[in-house]
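This report concerns only the one structure given below.
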Amino acid sequence: MAAVQIRGVEKYFGATHVIRGVNIDIEDGQFTVLVGPSGCGKSTLLRMIAGLEEIGGGEILIGGKVVNNMMPKERDIAMVFQNYALYPHMTVRNNLAFSLMLAKQSKAMADERVMKAADILGLVDLLDRFPRQLSGGQRQRVAMGRAIVRDPQVFLFDEPLSNLDAQLRVQMRTEIKELHQRLETTSIYVTHDQIEAMTMADKIVVMRDGIVEQTGSPLELYDRP
Ligand code: ADP
Ligand code: ADP
């Protein structure tokens with residue numbers, strides 16, 4: 001069974017039909033990249049999977065369960081955003097722990113999960129710093145840490161590298177891919193950058209104007225003579 005199933009999904013903003021009957025199976029353990037030009041609907045689709053945008057038609061299943069009417073926190077997902085979405089007045093440690101505290105996890109369990117995420121992401125020495133005292137790459141790592149502590153089945157990435165300079169972007173691609181492999185998780189990654197899609201994806205889904213135009217491995221899609 002696919003980890004995430006997208007079945008005939010639609011979305012309208014007012015009279016504008018932005019997602020038009022999309023079907024995608026996201027296989028368990030795979031790194032799937034949604035790619036396509038700006039405005040084609042990638043982010044809207046990802047936000048519907050996350051529960052941040054209402055599903056306008058069809059259904060989305062995560063782990064075999066229909067999630068159309070579930071709150072974001074009831075879905076087995078965590079999302080990494082482009083603008084990091086860190087709390088500026090909180091240390092790295094508290095940024096990592098915050099959603100666990102809200103979820104009423106015990107302090108001991110929260111500490112353990114925070115330390116594990118910090119270790120995986122190389123943030124142990126930065127736990128007492130504030131976001132403004134971090135580099136762009138370090139901030140992006142904290143954003144990933146906030147997703148990891150939730151221990152989700154599925155990671156959702158919304159153009160996470162587009163605010164970074166070119167060199168860092170290349171480095172972070174590798175880090176995100178290694179993280180995906182180490183955690184043996186399922187990832188859905190949105191980008192408009194074909195190179196990112198080619199270098200990171202197990203499976204690429206090409207979108208255009210609210211539909212899926214093509215699906216395949218990087219070799220199948222881009223290595224044609
Ligand atoms: P992408 O992520 O591929 O750049 P989006 O999913 O952000 O595309 O947007 C798809 C289309 O939906 C675009 O035409 C965009 O202008 C429109 N759109 C996105 N969000 C809203 C919104 N909240 N209200 C109205 N239109 C929106
Ligand atoms: P709560 O889970 O108590 O509602 P949170 O601070 O965890 O409060 O998050 C607010 C909302 O955003 C919740 O619905 C939560 O599930 C969701 N959320 C928090 N962090 C993430 C994340 N990294 N990815 C996806 N959703 C998140």
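No hydrogens, no waters, no symmetry mates; every other heavy atom, side chains included, goes into these values. Indexing begins at 1, ligand by ligand and atom by atom, following the structure's order.
Screening I176, V190, T191 for a side chain to side chain contact (heavy atoms under 4.5 Å, CB included) involving P160 leaves a single residue, I176.
Distance check on atom 11 (C) of ligand 1: some protein heavy atom falls below the 4.0 Å cut-off. Atom 16 (O) of ligand 1 is never approached by the protein to below 4.0 angstrom, counting heavy atoms only.
Between E53 and F13 there is a side-chain heavy-atom pair separated by less than 4.5 Å. D128 has its side chain out of reach of V92: every pair of non-hydrogen atoms, C-beta onward, lies at least 4.5 Å apart.
In terms of hydrophobic clustering, with Ile, Leu, Val, Met, Phe, Trp and Tyr side chains grouped at heavy-atom distances under 4.5 Å, Y12 and L46 are assigned to different clusters.
Nearest heavy atom pair, residue K42 against residue P37, reads NZ-O, 3.1 Å.
Considering only non-hydrogen protein atoms, atom 1 (P) of ligand 1 sits nearest to G39 N, 3.4 Å. What sits closest to atom 8 (O) of ligand 1 on the protein, heavy atoms only, is G41 N, 3.1 Å. Ranking the protein heavy atoms by distance from atom 7 (O) of ligand 1 puts S43 CB, 3.8 Å first.
Using a non-hydrogen distance threshold of 4.0 Å, G36 does not register as a contact of ligand 1. Heavy-atom distances between P37 and ligand 1 reach below 4.0 Å in at least one pair.
For residues 110-165, the set of pairs meeting the ring-ring contact (aromatic ring centres under 6.0 Å, His included) definition, not counting sequence neighbours, comprises F157-Y189.
For H192, there are no ring pair (Phe, Tyr, Trp, His ring centres under 6.0 Å) partners, not counting sequence neighbours.
Considering backbone and side-chain N/O atoms, F13 never comes within less than 3.5 Å of an N/O atom of ligand 1. Ligand 1 has no N or O atom lying under 3.5 Å from any N or O atom of V18, backbone or side chain.
Looking at T44, D158, T16, it is T44 that brings a heavy atom closest to atom 6 (O) of ligand 1.
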